[in-house]
Structures are given as structure tokens and as C-alpha cells.
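What follows is one structure encoded as C-alpha cells, with my remarks underneath.
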Amino acid sequence: MRLGLALGYWGRGPDAEHLALAREAERLGYSSVWTAEAWGSDAFTALTWIAAHTSTIELGTAVAQMAARTPTATAMHALTLDHLSGGRMALGLGLSGPQVVEGWYGRPFPRSPLTATREYVDVIRQVLRREGPVTLDGRFHPLPYDGDDGTGLGKPLKPITHPLRADLPVFLGAEGPKNIAQTVRIADGWLPLYWSPLRTDVYEASLDGVRDGFRIAPMARAKVCEDVAEGLLPVKAMLGFYIGGMGHAAKNFHADLMARMGYEAEARRIQDLFAEGRREEAVLAVPDAFADEISLVGPRERIAERLELWRKGPVTDLLVLAPDRRTLRVLAELNG
């Protein structure tokens, strides 16, 4: 199991420690570093900055939002950064949810998310292979555009720039069982939002038929500390926000996943509290047991024991959300 560093997206402004953490992760032998985006900082600019200050570490987006760009625009970002970094780019994509897609990007959330994702990846693959002009008789991403409000003058185009790698790896962030199963078929890797090494059976059916080389790369917050309960508070805050705030009560993929992992009543309680504006209570309502399952928190000896659970499962890349250099170093030492 390889280690990666997940930096996430910016909060109020750029984090002055991100570049230093990325360089330290590279020095410690971490295999990858990943950026993200929500409705503030974008994933590619920060990743390019890191690329310019590192030399060997893989550079990934976990995730770039599909609604933010057309698939050809995303492919342009990926092939450009792959060239500039000497072939270190890994493209992680996510569909996001209706609240972000329609509320931030001003686009309709696709009524057939699986089809929209499949078309998006198809176009990117065509661009990277550069075998001919990119075309797609698609429902969501037709190329050339053939809508009634178009001119009809669209011309199939082949990328001017020759991509460095036709097989640049494409990852998908997926949570629903059908979405995960499709990811196994069309992508090179899967980016679970949260993963419990104690409940791998939740994903067993969806991961049936995984081929050799397919990468499973979940994110887990890590913190070397003496007080486990205190160390879990940031994990609970993240879960409270994603489960309570990142979605509608009737359509929240994160809450649905928590329910499938055995915490349905707790997930609905968190949603209710968040909707009522009782955010601190929503965070405290996140069960310590669930937060603990999906993270690596506590003294070094405890983390060492729990890390073995991750290593025994199908995870190929553990993407560490680590707030400090000590935690990065301890995990590198424990993982060998």
C-alpha cells in the first residue's frame, strides 16, 4: 500500500503549509500528492504550483469537478500539466451533487449521472489517445455540438498538442454501488470519499471483477496525538459538514453512504440538526466509532495497529489528510 498526501481545497485563502507538506511528503517517499476543489480554489492551479517545486511525486486531483469544465477543457488541463511535470499527472474526477452543480456552476445536474460520467471519460480518453478528431454522439457531451440553439458549423477537432501519455491515469470519485461498479469498468482507479477497513463488504459487490493494476485510493485524516477524542474532532467536523451540509435532505450521496455503512439513524439525525442550523450539535452527533473507523488518529502505537487493517484490504493508495509533518513522518516510518 502506497501513501499519498491529500491537501484538499483552500479555505478562506491559500494554506502556507501546503507546499512545504508536499515537498516533505516527496522527501519521505510518499508516492503522490492530491489537490481538490469545491466552490473556491481550483484544483489544477495549486497542483501546477506544487509540480514546479517537486520533481518525482505523482500529482493528482481528488477531485476536479466535472461540472466546472467541459471534458475537452479538462483533458487540456491534464495533458498540459502532464507535459510540464514530466509525466506525473493523475486525473481524478467527480460529478459532485445537485446543490453544487446547479447552485454554483449554473448547470442542470444530469438525470442520468452514470451516462454523463461515462461520456465525460470517453471524451477525455479520445483526447489523450489522439487517434483522430474527437467525436461523440452523446446525450450530455455531444461533439460536435448538435443542439437546436447551435449554428451547425461545429467541426470535429483533433488536439493540436500531442499528449505525453495516452494512458494518463483517470480516477473517479464514486459513492453509489452502480457508480462504483462503472468506475471499475471505465477508470484506472477509484477515489472513495471515506473508507472503513472494517466494512470492506459494503463495496464487495461493486468491486467484483477489479482488474490487476486498478487503484483504490481512499482519503483518511491522520493525526499522531495522545487524546483520541480530541484528534477525532476534525474528522467529525468534516463528516458533519459533508453529511449535513453537502446535499439536500432528499438527495445526499454522503449521507446515503454512511447509512449503507451501518449508521443510517445517525446520518439522518446529523442531517436534521444541520438543516435546523444546529451545526455544532450535528458535528457532535457524528459517532466517535464511525469517525474512528475511517481515520488514523491517536498515539503512534495505536496508529500502527490500525494501519495494519488498511494494509490487509484492497486499498492500493492511502491518501493522508495530515495536518502536520510529524504525522507524515510517522506514517512513512510505519508503512515501511
Side-chain angles (χ1 to χ4, degrees), residues 1-10 14-37 41-64 74-94 124 128 163-173 187-193 195 213-224 295-296 303 307 310-311 315-336:
M1 185 180 72
R2 295 175 291 268
L3 292 178
L5 170 63
L7 295 173
Y9 45 78
W10 297 352
D15 191 320
E17 285 295 305
H18 276 187
L19 180 57
L21 285 171
R23 297 180 72 172
E24 179 68 358
E26 182 175 65
R27 188 188 71 79
L28 290 169
Y30 279 61
S31 66
S32 57
V33 58
W34 303 73
T35 57
E37 59 190 13
S41 61
D42 79 279
F44 289 103
T45 306
L47 197 61
T48 303
W49 183 251
I50 292 169
H53 292 84
T54 56
S55 57
T56 59
I57 198 165
E58 184 179 35
L59 307 157
T61 54
V63 293
T74 298
M76 290 167 65
H77 276 292
L79 72 86
T80 301
L81 184 47
D82 202 41
H83 269 291
L84 293 174
S85 66
R88 292 190 281 145
M89 177 69 198
L91 179 60
L93 302 168
I124 288 174
L128 294 174
L164 184 63
R165 293 182 296 163
D167 59 350
L168 186 154
V170 175
F171 290 71
L172 291 173
D188 303 298
W190 172 40
L191 296 162
L193 179 62
W195 173 280
F214 186 85
R215 295 165 66 181
I216 299 176
M219 285 181 278
R221 183 171 287 276
K223 177 69 174 178
V224 178
S295 60
L296 288 162
I303 289 179
L307 188 62
W310 292 78
R311 290 162 61 94
V315 171
T316 61
D317 299 77
L318 175 59
L319 310 186
V320 181
L321 284 160
D324 61 83
R325 299 190 191 196
R326 179 190 176 202
T327 298
L328 283 180
R329 185 182 71 252
V330 167
L331 285 172
E333 292 169 356
L334 293 176
N335 199 51

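All figures in this text were calculated on a predicted structure; none of them were measured in a lab. Starting from 1, each residue takes its place in the sequence as its number.
Between L19 atom CG and I50 atom CD1 the span is 6.5 Å, to the nearest 0.5 Å. From L296, atom CG reaches atom CZ of R221 across 12.0 Å, with rounding to the nearest 0.5 Å. The line from CG of L28 to CG of L3 is 9.5 Å long, rounded to the nearest 0.5 Å. A distance of 4.5 Å separates CE of M1 from CG of N335, quoted to the nearest 0.5 Å. Atoms CG and NE2, on L81 and H83 in that order, are 11.0 Å from each other to the nearest 0.5 Å. Here CD1 of I303 is found 6.5 Å from OG1 of T327. Values are rounded to the nearest 0.5 Å.
Looking at T35, its side chain never comes within 3.5 Å of a backbone N or O of A46 through a donor-acceptor pair. For S31 (side chain) and G4 (main-chain N/O), no donor-acceptor pair under 3.5 Å exists by modelled atom type. For the pair R88 (side chain) and A51 (backbone), a donor-acceptor distance under 3.5 Å is present. Using modelled atom types, no side-chain atom of T61 and backbone atom of L91 make a donor-acceptor pair closer than 3.5 Å. Side-chain atoms of T54 never come within 3.5 Å of backbone atoms of R23 as a donor-acceptor pair (strictly under, hydrogens ignored). Side chain of E37 to backbone of A43: a donor-acceptor contact under 3.5 angstrom is found.
Across all their heavy atoms, A62 and W34 have their closest contact at CB-CE3, 3.6 Å. Among all heavy-atom pairs drawn from Y30 and L328, the shortest one is OH-O, 2.8 Å. Shortest non-hydrogen contact noted between V320 and A222 is CG1-CB, 3.6 Å. Smallest separation of non-hydrogen atoms from S295 and A220: CA-CB, 4.3 Å. Contact record, Y9 with A36: CB-O, 3.5 Å, taken as the closest heavy-atom pair. Shown here for A187 and F214, the closest heavy-atom pair between the two residues is O-CE1, 3.5 Å.
L318 places a side-chain heavy atom less than 4.5 Å from the side chain of L307. For the pair I216/D317, no side-chain contact is recorded, criterion being any heavy-atom separation below 4.5 Å from C-beta on. In this structure, the side chains of M89 and L84 stay at 4.5 Å or more apart for every pair of heavy atoms. Side-chain contact check for L5 versus E26: every heavy-atom pair is 4.5 Å or farther apart. Here the side chains of R165 and L128 are not in contact, with every heavy-atom distance at 4.5 Å or above.
With sequence neighbours left out, D15 forms a side-chain hydrogen bond (donor to acceptor under 3.5 Å, both in side chains) with no residue at all.
Counting non-hydrogen atoms of neighbouring residues, nucleotides and ligands closer than 6.0 angstrom, the CZ atom of R2 exceeds 12 such neighbours. Counting heavy-atom neighbours within 6.0 Å of W310 CH2, excluding the residue itself, gives a total above 12.
R27 has a carboxylate O that lies under 4.0 Å from a charged side-chain N of E24, or vice versa, which qualifies the two as a salt bridge.
Of the listed residues (L191, D188, L93), just one forms a side chain to side chain contact (heavy atoms under 4.5 Å, CB included) with L172, and that residue is L93.
Ring pair H77/F44 is parallel by interplanar angle, where below 30° counts as parallel and above 60° as perpendicular.
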Handout entry: Trace of the side-chain contact (heavy atoms from CB on, under 4.5 Å) decision for E17 with D324
Key = CA-CA 9 Å; E17 285 295 305; D324 61 83; over 6 Å; no

